[in-house]
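Everything below concerns the one structure shown next.
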Amino acid sequence: EIDNPNGVNVIVGGFTVSNGLRLTRGELRNSIPNNLAIGDSALIERQVGASIQAAPEFEGKTSIRYYGDGSLVTGNELPVDSTSILAFSVEAVKGIVLNQDVTVLDSLYIGSSIETELDSLKRYTLTYHGTENPIFGSPEAEVKGSIRRSNLPIGDTVYFNNPYTYIYFHNEADKNGIHTLTFRVRPMEYSPLSLGAVNKVKRHFSIQSYDKDYNLINAGVVATVGYGWRYKPSETEKDENLLLPVEQLVLQRYLDNSWNAIQSSKIPEIREAAGWAFSYAEDVTLYGDFSIGMPGGAQLLMAARVFMEGPYRNKTMA
């Protein structure tokens, strides 16, 4: 265990941590010439505020756990090898941000948020190969960005970014040879395809499906799709509903340069204690861009000029 606000220097390497490495406080300053090895099936735990300077040598598979108050950006505790992480647990109160693609083999616990996109140029993907669904530990638990799943059974609900975003295949024909499926969900953002974002929830997502050779499947895949959005009228920094009538909102798919309502969308429900609204739609083609909004209705685009009453400085009119 590294529990020193001033950090710890590895001046003689070559040793192996067989069972677990806990980074509690400070930086573990290892280096390539003086490094440590992480034994097969060992657990690495990193608390908010702790770090490791260089990547250790991984002798096999590893489990990763993040915890503590606040948030953190992942670092050298993560193996680069995409087949190395057995279990992945996020218990940091304000979540984590990924700084690389992450692949989890067996189990995934999401206790808060996992942001997969550092910025518009650094978009990563959380890939999960486990047979069991992720466990979501709180109302804030969500993957904000892209999650890819490979175990997609028939007749079972497969969850993705949050407990309200899922797919359900009724038969093999509807699945149409899918090997992996990726959901990219962007909370608190309108789709860049929405001109003016009129009458839409402030959230959008996209779905991409691939065959076993990782070729994109853009037709012939049909499933029931669950979707949810944050309903927090009392917390404007979290609320995505923006006073829209929940009972009238439907799933929409972008096709032929316009948003088309999916007629099979069910009337949404609200879970106020958790701060979510959610629904599902049947017979959805699993490919493309989606949003949640009011059915029908025109978008008004104005070629307008705006005349300021005075100079605008430091967030106020002068």
Side-chain angles (χ1 to χ4, degrees), residues 13-23 28 30 32 35-46 51-67 72-92 95-111 113-118 122-136 141 143-153 156 158-161 167 175 177-184 207-217:
F15 59 93
T16 297
V17 177
S18 299
N19 296 317
L21 172 65
R22 177 175 291 178
L23 304 168
L28 174 56
N30 56 329
I32 300 302
N35 209 350
L36 66 152
I38 304 297
D40 186 29
S41 301
L43 170 65
I44 296 180
E45 299 176 280
R46 179 183 164 196
S51 62
I52 181 169
Q53 181 171 278
E57 298 173 6
F58 294 96
E59 295 185 343
K61 293 178 172 31
T62 308
S63 293
I64 306 290
R65 173 179 176 251
Y66 296 103
Y67 68 104
L72 59 80
V73 177
T74 60
N76 289 314
E77 72 283 346
L78 279 178
V80 176
D81 184 356
S82 63
T83 63
S84 290
I85 301 177
L86 287 171
F88 196 74
S89 180
V90 178
E91 302 166 41
I96 68 169
V97 180
L98 299 185
N99 74 339
Q100 66 177 66
D101 292 321
V102 171
T103 299
V104 181
L105 302 179
D106 288 343
S107 65
L108 177 60
Y109 178 84
I110 305 173
S113 66
I114 301 176
E115 172 63 74
T116 73
E117 301 181 8
L118 278 168
K122 296 179 180 178
R123 294 181 178 179
Y124 302 110
T125 298
L126 173 61
T127 299
Y128 180 44
H129 294 308
T131 57
E132 300 294 328
N133 278 313
I135 296 174
F136 299 96
V143 177
K144 299 177 178 179
S146 297
I147 178 171
R148 177 189 296 122
R149 294 201 61 181
S150 60
N151 273 294
L152 308 168
D156 198 3
V158 183
Y159 292 92
F160 284 80
N161 299 69
I167 58 99
K175 190 175 177 182
I178 282 185
H179 177 67
T180 60
L181 192 63
T182 300
F183 271 71
R184 178 177 180 259
I207 304 174
Q208 292 181 314
S209 48
Y210 301 87
D211 63 20
K212 60 182 179 60
D213 297 317
Y214 294 97
N215 298 309
L216 187 64
I217 301 175

Any donor and acceptor pair, going by atom type alone, linking the side chain of Asn76 with main-chain N or O of Gln53 inside 3.5 Å? yes
Nearest 0.5 Å please: distance from the OG atom of Ser113 over to the CG atom of Asn161. 12.0 Å
Quick check: does any side chain N or O of Asn133 sit under 3.5 Å from a backbone N or O of Tyr159, one acting as donor and the other as acceptor? yes
Please tell me if the side chains of Phe183 and Ser146 come closer than 4.5 Å, counting only heavy atoms from C-beta onward. no
Evaluate the side-chain hydrogen bond (donor to acceptor under 3.5 Å, both in side chains) criterion for residues Thr131 and Asn151: first the C-alpha distance (whole Å), next the side-chain angles of each, then the deciding distance (0.1 Å), finally the verdict. CA-CA 6 Å; Thr131 57; Asn151 273 294; 5.8 Å; no
Presence of salt bridge, Lys144 and Glu115, under 4.0 angstrom: no
Kindly indicate whether the side chain of Ile44, heavy atoms from C-beta on, has any atom under 4.5 Å from the side chain of Ser63. no
Hey, are the side chains of Arg184 and Glu117 touching, using non-hydrogen atoms and a 4.5 Å cut-off? yes
Quick check on side-chain contact (heavy atoms from CB on, under 4.5 Å): which of Ile167, Thr182, Leu181, Val158 does Arg149 satisfy it with? Val158
Contact check, side chains of Leu36 and Glu57, non-hydrogen atoms, under 4.5 Å: no
Quick one, Arg148 and Tyr128 - any side-chain contact, counting heavy atoms below 4.5 Å? no
Any side-chain heavy-atom pair of Thr127 and Val102 under 4.5 Å: no
Residue pair Ile135, Leu108: steps toward the side-chain contact (heavy atoms from CB on, under 4.5 Å) verdict: CA-CA 6 Å; Ile135 296 174; Leu108 177 60; over 6 Å; no
When you measure from the side chain of Asn19 to the backbone of Ala42, do you find a donor-acceptor pair of N or O atoms at a distance under 3.5 Å? no
Val104 to Ser107 - nearest heavy-atom pair and separation: CG1-O, 3.2 Å
To the nearest 0.5 Å, atom CD1 of Ile52 lies from atom CG of Leu28 at 4.5 Å
Kindly say whether Ile178 contributes a backbone atom to a donor-acceptor pair with the side chain of Asp211 at under 3.5 angstrom? no
Closest heavy-atom contact between Ala37 and Glu59? CB-OE2, 3.5 Å
I want to check something: taking the side chain as every heavy atom from C-beta on, are Leu126 and Ile114 in contact at a cut-off of under 4.5 Å? yes
Partner of Ser150 under side chain to side chain donor-acceptor pair (under 3.5 Å), picked from His179, His129, Lys212, is His129
Look up atom CD1 in Ile147 and atom CD1 in Ile110, then write down how far apart they are to the nearest 0.5 Å. 5.5 Å
With side-chain contact (heavy atoms from CB on, under 4.5 Å) as the criterion, how do Lys61 and Asp40 come out once you've worked through the C-alpha distance, each side chain's angles and the decisive distance to 0.1 Å? CA-CA 5 Å; Lys61 293 178 172 31; Asp40 186 29; 4.0 Å; yes
By ring-ring contact (aromatic ring centres under 6.0 Å, His included) - contacts of Tyr210 (at least two apart): none
Any non-hydrogen side-chain atom of Leu43 less than 4.5 Å from a side-chain atom of Thr62? no
Taken to the nearest 0.5 Å, the spacing of Ile96 CD1 from Tyr67 OH works out to 14.5 Å
Apply side-chain contact (heavy atoms from CB on, under 4.5 Å) to the pair Leu118 and Val97, showing each step before the final yes or no. CA-CA 7 Å; Leu118 278 168; Val97 180; 3.4 Å; yes
For a quick check under 3.5 Å, do Glu77 and Tyr66 share a side-chain donor-acceptor pair by atom type? yes
Backbone N or O of Asn99 within a donor-acceptor pair of the Thr74 side chain at under 3.5 Å? yes
Distance (rounded to the nearest 0.5 Å) between Thr116 OG1 and Gln100 CD: 12.5 Å
Could you walk me through whether Leu78 and Ile64 pass side-chain contact (heavy atoms from CB on, under 4.5 Å), step by step? CA-CA 8 Å; Leu78 279 178; Ile64 306 290; 4.0 Å; yes
Over all atoms of both residues, closest heavy-atom pair of Ala141 and Gly111: CB-C, 4.1 Å
First locate atom OG of Ser209, then atom CG of Leu216, and finally report the distance between them rounded to the nearest 0.5 Å. 6.0 Å
